[in-house]
*Asks:* 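First the structure, which I've put down as structure tokens, then a few questions once you've had a look.
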Amino acid sequence: MERVAVLDFETTGLSPGMGDRPTEVAIALVEQGRIVERFQSLMNPGRPIPAFVTQLTGISNAMVAAAPPVAEVMREAARFVGALPVVAHNASFDRKFWVAELQRLSLPAEASFACTMLLSRRLYPDCASHKLGALIQTLGLPQTGRAHRAMVDTEMAAHLWCRIRDDVARRWRLPAVSHALLARAQATPKGKLERFFAEQQACEA
DNA sequence: TGCCAGGCCCTCTTTAGGGCCTT
């Protein structure tokens, strides 16, 4: 059974290109529909956290002051993920921080990212909101704690990922729904999803 | 000086604009 790494960053802002850095990362390794290993750490971003971000995440300058530097935590995070495919909610956001930080360390950042937000927009178009917390509530998945802390959001994204895999497997009667398949599905034009999985079903038959 | 993300997706679109989503 395939193992994937679900991850979430808390950061000082929205853009590494504008100098923003991570303040916390959480990673959950998911296999056979359950979390089998976890990694979580605060980190010192070396720049101030804006007050409104502290209000959003609960992560303060005082909390990260005693934390290890970003470089140290990201080396550990990269080791923990290894060559696994990655999953995140709005993965383009987490991916740009992942790539920016690993490039700073001259480490390879070639992981394939699947996005639970893009997949949810295709699979659950009737949901009023595709924010992580809203999807968890709408789909009746477990709420694991205070949103906008890395491990809580990671665990919610992990539950959502498992739900998406199950729903795709059931709806299109596919015996195996891989990360690679869903990474292709998330890039399929929204109106073409039925056809994409129907073709996949025909290949499996 | 003042401003500053960026990718996806929809529509009153495609020679564009604006909402969603992440911190």
Side-chain angles (χ1 to χ4, degrees), chain A residues 5-28 40-64 67 70 73-74 77 86-104 109 111-139 141 143-161 163-164 182-196:
Chain A
V6 183
L7 75 77
D8 183 71
F9 281 114
E10 305 304 322
T11 69
T12 61
L14 295 173
S15 172
M18 301 292 288
D20 288 314
R21 306 289 304 277
T23 57
E24 187 178 43
V25 65
I27 304 162
Q40 177 184 21
S41 182
L42 285 168
M43 51 190 128
N44 188 335
R47 61 175 290 159
I49 303 171
F52 75 93
V53 176
T54 293
Q55 202 167 20
L56 177 73
T57 63
I59 299 171
S60 65
N61 288 304
M63 288 165 70
V64 297
V70 172
V73 174
M74 288 305 300
V86 175
V87 173
H89 194 71
N90 197 9
S92 68
F93 174 84
D94 294 283
R95 183 177 179 279
K96 67 187 177 184
F97 279 94
W98 180 257
V99 169
E101 294 302 338
L102 295 196
Q103 280 180 345
R104 278 172 171 259
S112 165
F113 276 67
C115 178
T116 50
M117 185 186 75
L118 294 181
L119 288 163
S120 296
R121 282 179 175 167
R122 284 162 174 76
L123 289 166
Y124 316 120
D126 295 335
C127 284
S129 165
H130 293 86
K131 289 182 183 179
L132 180 57
L135 284 164
I136 292 297
Q137 201 163 20
T138 303
L139 297 172
L141 296 170
Q143 235 158 349
T144 53
R146 182 195 195 281
H148 296 300
R149 283 301 298 266
M151 185 51 85
V152 172
D153 285 1
T154 291
E155 289 183 352
M156 290 197 294
H159 291 307
L160 180 56
W161 172 253
R163 171 65 178 265
I164 287 169
L182 292 179
R184 289 206 309 279
Q186 77 185 25
T188 303
K190 282 183 87 172
K192 303 273 176 67
L193 193 70
E194 287 289 345
R195 187 172 161 185
F196 173 84

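Computation of the quantities below employed the complete heavy-atom set of this structure, encompassing side-chain atoms and omitting hydrogens, waters and symmetry-equivalent molecules. Sequence lines set the chain letters: A, B, ... in the order given, protein chains first and strands last, and positions in each chain run from 1. All of these numbers come straight from a predicted model, not from anything done at the bench.
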*Asks:* Rounding to an integer number of Å, can you tell me how far A/Phe93 CZ sits from B/dA5 P?
*Replies:*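 Distance, rounded to whole Å: 13 Å.
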*Asks:* I need the NZ-P distance between A/Lys96 and B/dT23, as an integer number of Å.
*Replies:*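 Interatomic distance, NZ of A/Lys96 to P of B/dT23: 11 Å.
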*Asks:* With heavy-atom distances below 4.5 Å as the criterion, would you say the side chains of A/Arg149 and A/Ile59 are in contact?
*Replies:*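 Side-chain contact under 4.5 Å: yes.
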*Asks:* C1' atom, B/dT23 versus B/dA5: distance in rounded Å?
*Replies:*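 The answer is 11 Å between these two C1' atoms.
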*Asks:* For the pair made of CD in A/Gln55 and P in B/dT23, what is the distance, rounded to whole Å?
*Replies:*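 That distance rounds to 15 Å.
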*Asks:* Nearest nucleotide by nearest heavy atom, which residue falls closer to the 5' end of DNA chain B, A/Asp94 or A/Arg122?
*Replies:*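 Mapping each residue to its closest nucleotide by heavy atoms, the 5'-most match is A/Arg122.
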*Asks:* B/dG6 P sits how many Å from A/Phe97 CZ, rounded?
*Replies:*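 Distance check: A/Phe97 CZ to B/dG6 P gives 11 Å.
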*Asks:* Looking only at atom C1', what distance separates B/dG6 and B/dT1, rounded to whole Å?
*Replies:*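 Their C1' atoms lie roughly 25 Å apart.
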*Asks:* Select one nucleotide: of B/dC9, B/dT22, B/dG6, the one nearest the side-chain heavy atoms of A/Lys131.
*Replies:*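 Of all the options, the side chain of A/Lys131 is nearest to B/dT22.
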*Asks:* Rounded off to whole Å, could you give me the CG-to-C1' distance for the A/Leu132 and B/dC21 pair?
*Replies:*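 It works out to 11 Å between those atoms.
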*Asks:* Find the distance between CG (A/Leu56) and NE2 (A/His148) and round it off to the nearest 0.5 Å.
*Replies:*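 If I round to the nearest 0.5 Å, the distance is 4.5 Å.
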*Asks:* Say whether, by atom type as modelled, one donor and one acceptor occur between the side chain of A/Thr154 and the main chain of A/Met151 under 3.5 angstrom.
*Replies:*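 No, because the side chain of A/Thr154 does not come within donor-acceptor range (under 3.5 Å) of the backbone of A/Met151.
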*Asks:* Please say whether more than 12 non-hydrogen atoms of neighbouring residues, nucleotides or ligands are located less than 6.0 Å from NZ in A/Lys131.
*Replies:*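 At most 12 heavy atoms, drawn from other residues, nucleotides or ligands, come within 6.0 Å of this atom.
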*Asks:* Does A/Cys115 offer a backbone N or O that forms a donor-acceptor pair with the side chain of A/Gln186 under 3.5 Å?
*Replies:*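 Flag set: sc A/Gln186 to bb A/Cys115 pair under 3.5 Å.
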*Asks:* Rounding to the closest angstrom, what is the interatomic distance between B/dG7 and B/dC12 at atom C1'?
*Replies:*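 One C1' to the other, the span is 23 Å.
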*Asks:* Once you round it to whole Å, what is the distance between C1' of B/dC21 and NE2 of A/His148?
*Replies:*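 Those two atoms, NE2 and C1', are 11 Å apart.
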*Asks:* 5'-most contact on DNA chain B: A/Pro189 or A/Phe52, nearest heavy atom basis?
*Replies:*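 Comparing both residues, the 5'-ward one is A/Pro189.
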*Asks:* Taking B/dT15 as the reference, what is the distance to B/dG19 when you measure between their C1' atoms (whole Å, please)?
*Replies:*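 Nearest-Å result for B/dG19 against B/dT15 at atom C1': 22 Å.
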*Asks:* Taking only residues at least two apart or on different chains, which pairs with a member in residues 52-61 of chain A satisfy side chain to side chain donor-acceptor pair (under 3.5 Å)?
*Replies:*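 Pairs touching residues 52-61 of chain A that pass the test: none.
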*Asks:* Could you tell me the separation between the CG atom of A/Leu119 and the P atom of B/dC9, rounded to a whole number of Å?
*Replies:*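 In whole Å, B/dC9 P and A/Leu119 CG are 10 Å from each other.
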*Asks:* Where along residues 15-25 of chain A does a heavy atom come under 4.0 Å from DNA chain B, residue by residue in number order?
*Replies:*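 Under 4.0 Å from DNA chain B: A/Ser15, A/Met18.
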